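What you are looking at is a predicted structure, and each value in this text was computed from that prediction instead of being measured. A, B, ... follow the sequence lines: proteins, then strands. Residue 1 opens every chain.
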Number of protein chains: 2
Amino acid sequence: MTKAVKPAAGEARHYIRIKEQILAEIAEGKLQPGDRVSSESELVAAFGVSRMTANRALRELMFEGVLKRSAGIGTFVSPKHLDVDLLQIRNIADEILERGHTHQAIVVKAGLMKADANVADALELILGAEVMHSLIVHMENDRPIQVEERYVNPLVAPDYLSADFRSMTPHEYLTEVAPITAFEHIVQAVKPDPAIRKYLGLRNDHPCLRVFRRTWSGEAVVTCALLYYPGAQYRLEARSTKGPARPVAILGEKQ
Amino acid sequence: MTKAVKPAAGEARHYIRIKEQILAEIAEGKLQPGDRVSSESELVAAFGVSRMTANRALRELMFEGVLKRSAGIGTFVSPKHLDVDLLQIRNIADEILERGHTHQAIVVKAGLMKADANVADALELILGAEVMHSLIVHMENDRPIQVEERYVNPLVAPDYLSADFRSMTPHEYLTEVAPITAFEHIVQAVKPDPAIRKYLGLRNDHPCLRVFRRTWSGEAVVTCALLYYPGAQYRLEARSTKGPARPVAILGEKQ
DNA sequence: CCGCCTAACCTGTATATACAGGCTAGCCGC
DNA sequence: GCGGCTAGCCTGTATATACAGGTTAGGCGG
């Protein structure tokens with residue numbers, strides 16, 4: 001009667017392991033959009049779990065838009081899970097170099113710290129867990145263009161602090177260690193606090209664009225970061241399709 | 001034992017009825033952000049369902065970002081935040097109504113004008129072409145929440161100005177006339193000019209989120225708009241996957 | 001050959017039960 | 001009075017089971 005055995009891998013939860021396997025097969029291309037996914041009873045047999053557990057895995061993937069289910073028919077891979085490049089997660093250094101400018105990173109802080117409530121919550125770790133923290137100012141032609149305050153999950157990228165952030169941005173390093181499978185951006189306009197203002201070299205009343213970004217690799221949160229940009233000088237763009245990327249003056253601005 | 005009786009109301013599914021009741025209490029204000037929600041066992045007693053069913057209702061509401069749960073503590077109403085999805089275009093009136101609030105539009109201006117260089121460029125028309133222009137302030141519960149300055153391509157929507165924008169948002173009207181096939185969002189943080197500040201009722205130094213949006217129908221630019229939101233209160237969100245929309249305190253903010 | 005019915009398979013919902021582990025209030029002993 | 005332990009409540013996960021209703025293929029009878 002199949003005791004509730006602990007699964008072997010690092011991830012203990014059965015429904016997560018089922019989700020990860022299906023996501024991996026989609027990522028590898030073994031499962032194509034429109035393809036039929038194993039039915040609940042097939043997953044029960046394959047993973048040795050109960051049907052409710054298989055159901056939960058499939059239902060959550062449906063919620064997330066990965067799968068499409070219909071009673072009596074089966075479960076299928078959603079057609080358009082490739083909405084690529086909508087709002088790119090891009091390496092700030094690439095963006096700067098693309099403009100033909102020079103990029104330089106100044107590492108202000110890099111070290112270990114204990115996660116406070118907010119950080120623990122964001123990284124899905126327990127309160128007080130040790131996390132890695134870095135504070136980097138990115139310069140474009142010797143002018144500050146972004147302050148990056150980052151917290152990294154040591155379970156995913158244990159050697160984060162040994163990277164040299166002057167030659168490789170945290171983003172570059174982390175995508176190498178753990179490919180990004182999901183992201184979240186929350187954008188706000190804020191009045192920067194004095195420290196940020198100093199790093200960005202801003203006047204007192206200059207607004208700031210603050211992007212809170214989290215990235216996942218599989219089911220694990222890899223990192224979260226607060227990115228501060230000097231307000232009006234920076235544009236964050238999101239497009240539905242690749243083109244038209246033709247730059248246009250924003251109304252109300254002198255070109 | 002408790003037989004699996006059919007619930008009385010139109011909605012038969014138990015977990016849906018539990019979700020609806022909780023959502024109703026939040027909409028009515030009986031449950032405020034941060035308030036504790038009935039525990040699973042309390043719902044079991046109140047609705048006569050099994051714990052798994054109560055669990056499902058609460059878990060789905062957590063997925064949807066309505067509730068926040070933590071083991072050992074309980075289930076709580078998520079802090080309300082105003083947010084807009086950057087990766088899709090929605091009707092602001094719908095968003096407000098979904099939050100259980102009332103929407104009202106104040107038409108400040110509506111008329112014809114000749115396109116200046118920026119507008120002509122954005123709408124892909126020639127300089128000096130006649131375009132339609134509207135300036136609308138959207139109110140949520142009688143508080144200004146968005147200033148919408150819009151320019152419309154008369155070749156696509158010639159009757160734009162005859163619409164009644166108090167009963168139908170420009171977005172609603174335009175999507176009816178010309179379905180959106182592509183869009184572009186450019187986000188900046190700006191210091192609002194005095195007029196915008198007045199419309200939004202902001203203090204002098206309060207930053208603003210400005211979204212420049214263009215939408216296409218086929219190959220033609222339908223409209224472009226400058227949307228101003230009160231800065232730190234408003235969040236633009238972009239995520240690669242639908243769930244989990246579990247709200248997380250942005251680092252550095254008190255929740 | 002065609003139409004109907006059924007068996008097999010699928011998801012959707014619901015139940016009762018179990019064990020784990022986080023958290024807290026209160027009691028007990030020192 | 002104070003520290004530590006425990007009982008009780010909470011969520012998280014997992015199990016086995018049940019019945020419903022949608023869909024399809026195949027078999028049986030006219």
Side-chain angles (χ1 to χ4, degrees), chain A residues 1-20 22 35-63 66-78 115 117 120-121 124-129 219, chain B residues 1-20 22 35-63 66-78 243-244 246:
Chain A
M1 55 126 39
T2 36
K3 249 307 275 311
V5 279
K6 274 267 162 62
E11 179 52 63
R13 291 164 293 180
H14 293 151
Y15 78 94
I16 296 280
R17 300 218 306 158
I18 297 175
K19 286 175 72 175
E20 282 178 345
I22 292 171
D35 282 2
R36 194 169 171 288
V37 177
S38 306
S39 74
E40 294 182 0
S41 51
E42 285 164 349
L43 291 174
V44 165
F47 284 85
V49 298
S50 75
R51 205 195 121 204
M52 281 305 295
T53 301
N55 177 276
R56 176 169 179 182
L58 294 178
R59 186 149 37 83
E60 288 195 1
L61 286 174
M62 182 186 62
F63 243 82
V66 176
L67 302 179
K68 201 165 144 41
R69 319 190 72 197
S70 31
I73 310 281
T75 304
F76 303 86
V77 179
S78 285
D121 202 30
E124 296 175 0
L125 297 172
I126 60 164
L127 185 64
E219 294 290 325
Chain B
M1 25 151 272
T2 35
K3 252 307 275 314
V5 277
K6 274 270 163 64
E11 177 53 60
R13 292 165 293 180
H14 294 152
Y15 78 96
I16 297 278
R17 300 218 308 157
I18 296 175
K19 286 175 72 175
E20 282 176 345
I22 292 172
D35 282 1
R36 195 171 170 288
V37 176
S38 306
S39 74
E40 294 183 359
S41 51
E42 286 164 349
L43 291 174
V44 165
F47 284 84
V49 298
S50 75
R51 207 196 119 203
M52 282 305 296
T53 301
N55 177 276
R56 176 169 180 182
L58 295 178
R59 185 148 40 82
E60 289 195 0
L61 287 173
M62 182 185 64
F63 245 80
V66 176
L67 302 180
K68 197 162 150 42
R69 319 190 70 195
S70 31
I73 310 283
T75 304
F76 303 87
V77 179
S78 288
R246 195 170 74 81

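In this structure, Ala71(A) and Arg56(A) both approach DNA chain D, and ranking their closest nucleotides by distance from the 5' end singles out Arg56(A). Nearer to the 5' terminus of DNA chain D, by closest-nucleotide assignment, is the contact made by Ile73(B) (compared with the other of Thr53(A) and Ile73(B)). Nearer the 5' end of DNA chain C, as judged by each residue's closest nucleotide, is the contact made by Ser38(A), out of Ile16(B) and Ser38(A).
For dC9(C), the OP1/OP2 oxygens have no side-chain nitrogen or oxygen of Ser41(A) closer than 4.0 Å. Using a 4.0 Å cut-off, some side-chain N or O of Thr75(B) falls inside it from OP1 or OP2 of dT11(D). Between dA14(D) and Tyr15(A), no contact under 4.0 Å exists linking OP1 or OP2 to a side-chain N or O.
Here the C1' atom of nucleotide dT11(D) and the CG atom of Leu61(B) are 15 Å apart, to the nearest Å. To the nearest angstrom, P of dC10(D) lies 18 Å from CZ of Arg59(B). Between the P atom of dT13(C) and the CD1 atom of Ile18(B) lies a distance of 13 Å, rounded to the nearest Å. One atom, CG of Leu58(B), and another, P of dG12(D), lie 9 Å apart when rounded to the nearest Å. When rounded to the nearest whole Å, the span between CD of Glu40(B) and P of dT13(D) equals 11 Å. Rounded to whole angstrom, the span from the CG atom of Asn55(B) across to the C1' atom of dT13(C) amounts to 14 Å. Between Arg69(A) atom CZ and dG22(D) atom C1' there is a gap of 14 Å when expressed in whole angstrom units. Rounded to an integer number of Å, the gap from Leu43(B) CG to dC9(D) C1' is 14 Å.
In this structure, the separation between NE2 on His14(B) and CZ on Phe47(B) is 10.0 Å, given to the nearest 0.5 Å. Atom OG1 in Thr53(B) sits 12.5 Å away from atom CZ in Arg13(B) (nearest 0.5 Å). Here the straight-line distance linking atom OG1 of Thr75(A) with atom NZ of Lys68(A) works out to 11.0 Å at 0.5 Å rounding. Interatomic distance, Leu43(A) CG to Ile22(A) CD1, rounded to the nearest 0.5 Å: 5.5 Å.
Judged by distance alone, with hydrogens and angles left aside, the side-chain atoms of Glu42(B) form a donor-acceptor pair with the main-chain N or O of Ser39(B) at under 3.5 Å.
Closest approach of Leu58(A) and Ser38(A) over heavy atoms only: CD1-O, 4.1 Å.
In this view, Glu20(A) and Glu11(A), Ile16(A), Glu219(A) satisfy the side chain to side chain contact (heavy atoms under 4.5 Å, CB included) rule, not counting sequence neighbours.
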Go through Arg69(B) and Glu40(B) one step at a time and tell me if the side-chain contact (heavy atoms from CB on, under 4.5 Å) criterion holds. CA-CA 11 Å; Arg69(B) 319 190 70 195; Glu40(B) 294 183 359; 2.8 Å; yes

Taking only nitrogen or oxygen atoms into account, show me every contact under 3.5 Å that the protein makes with nucleotides 4-8 of chain C, one pair per line with its distance.
none

Tabulate protein N/O versus nucleotide N/O from nucleotides 17-19 of chain C, keeping only pairs under 3.5 Å, one per line.
from    : atom 1 : to       : atom 2 : distance (Å)
dA18(C) : N6     : Arg51(B) : NH1    : 3.3

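A donor atom on one side chain and an acceptor atom on the other are found under 3.5 Å apart for Asn55(A) and Arg59(A).
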